[in-house]
Amino acid sequence: LNLVLPSRMPTNEEDAPKHLVAIKSLIKAVENNRNDGSSENPFSCGPLIRLLVRSGQSKDCDHIVPGLTHKQQREIIIRAIQNMSKKQSNRFFGGLNQHIRSIVAEEAYVPSSAYSETSGGDEESDIVPDKKSTECLCFLKCAAFCVETFLEGRIQREKERGKATGLELSILPQVYEVASTLHKILLS
């Protein structure tokens with residue numbers, strides 16, 4: 001999983017429609033994408049992962065704008081996150097937070113082999129990653145990347161406005177909750 005921020009903000013006016021499409025795709029990836037309705041896996045992590053990680057790399061990726069290279073599509077997605085409006089970021093991070101809460105509540109990021117008993121009693125068994133836990137960890141990493149990207153965009157905009165001295169950002173509650181939850185589960 002290699003997610004890298006671009007070094008500059010968008011300056012090209014013709015990129016604006018692509019960013020709007022990217023924002024809509026990101027919001028759609030986290031809102032109302034129930035997997036199969038089963039209680040076993042109430043949310044699907046796949047749509048966000050396909051946009052951020054696998055874009056342009058495989059047939060199961062989600063293309064925002066057909067014909068773009070993997071790098072071009074990734075840059076559009078990153079710039080879209082950096083330039084989200086307050087309303088868009090509320091929706092995106094609110095939806096993202098629902099997924100994270102579900103993953104944490106179910107401890108879906110922990111492989112099922114971690115809960116299996118060993119036959120020898122005191123012997124430790126190897127913990128083997130499974131598809132669900134791997135996808136959930138990848139989703140959590142994508143969520144952390146989205147928070148970092150959004151905050152980098154906010155900092156850049158404040159610097160451009162000339163408020164770089166004593167920079168203090170007000171963080172939206174949805175963004176803060178996602179960051180706080182990720183901090184608790186990934187760094188505790």
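Note that this is a predicted model, so its numbers are computed, not measured.
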Roughly how far, to the nearest 0.5 Å, is the [atom2] atom of [Y] from the [atom1] atom of [X]?
| X | Y | atom1 | atom2 | value |
| --- | --- | --- | --- | --- |
| I127 | S112 | CD1 | OG | 10.5 Å |
| T134 | I49 | OG1 | CD1 | 9.5 Å |
| I185 | I103 | CD1 | CD1 | 7.5 Å |
| L26 | M84 | CG | CE | 5.0 Å |
| F92 | S85 | CZ | OG | 13.0 Å |
| R157 | E152 | CZ | CD | 12.0 Å |

Could you tell me whether the side chain of [Y] reaches within less than 4.5 Å of the side chain of [X], counting heavy atoms only?
| X | Y | result |
| --- | --- | --- |
| S25 | V21 | yes |
| L48 | L96 | yes |
| V30 | H99 | yes |
| F150 | N83 | no |

Could you pull out the closest heavy-atom pair between [X] and [Y], with the gap in Å?
| X | Y | answer |
| --- | --- | --- |
| I77 | A22 | CA-CB, 4.4 Å |
| C136 | A108 | SG-CB, 3.6 Å |
| T149 | Q82 | O-CG, 3.3 Å |
| C142 | L52 | CB-CD1, 3.6 Å |
| I76 | K18 | CD1-CD, 3.5 Å |
| F93 | V178 | O-CG2, 3.5 Å |

Working for side chain to side chain contact (heavy atoms under 4.5 Å, CB included), residues I171 and L151: CA-CA 9 Å; I171 304 299; L151 293 175; 3.4 Å; yes
Under 4.0 Å between a Lys/Arg side-chain N and an Asp/Glu carboxylate O for E75 and R79? yes
So, are E106 and R101 salt-bridged, with charged N and O less than 4.0 Å apart? no
Classify the side-chain pair E177/S180 by whether it contains a donor and acceptor separated by less than 3.5 Å. no
Grouping I, L, V, M, F, W and Y whenever their side-chain heavy atoms are under 4.5 Å apart, do V128 and V110 come out in a common cluster? no
Output, in order, the C-alpha distance, side-chain angles, deciding distance and verdict of side chain to side chain contact (heavy atoms under 4.5 Å, CB included) for K159 and I155. CA-CA 6 Å; K159 284 182 180 178; I155 290 168; 3.8 Å; yes
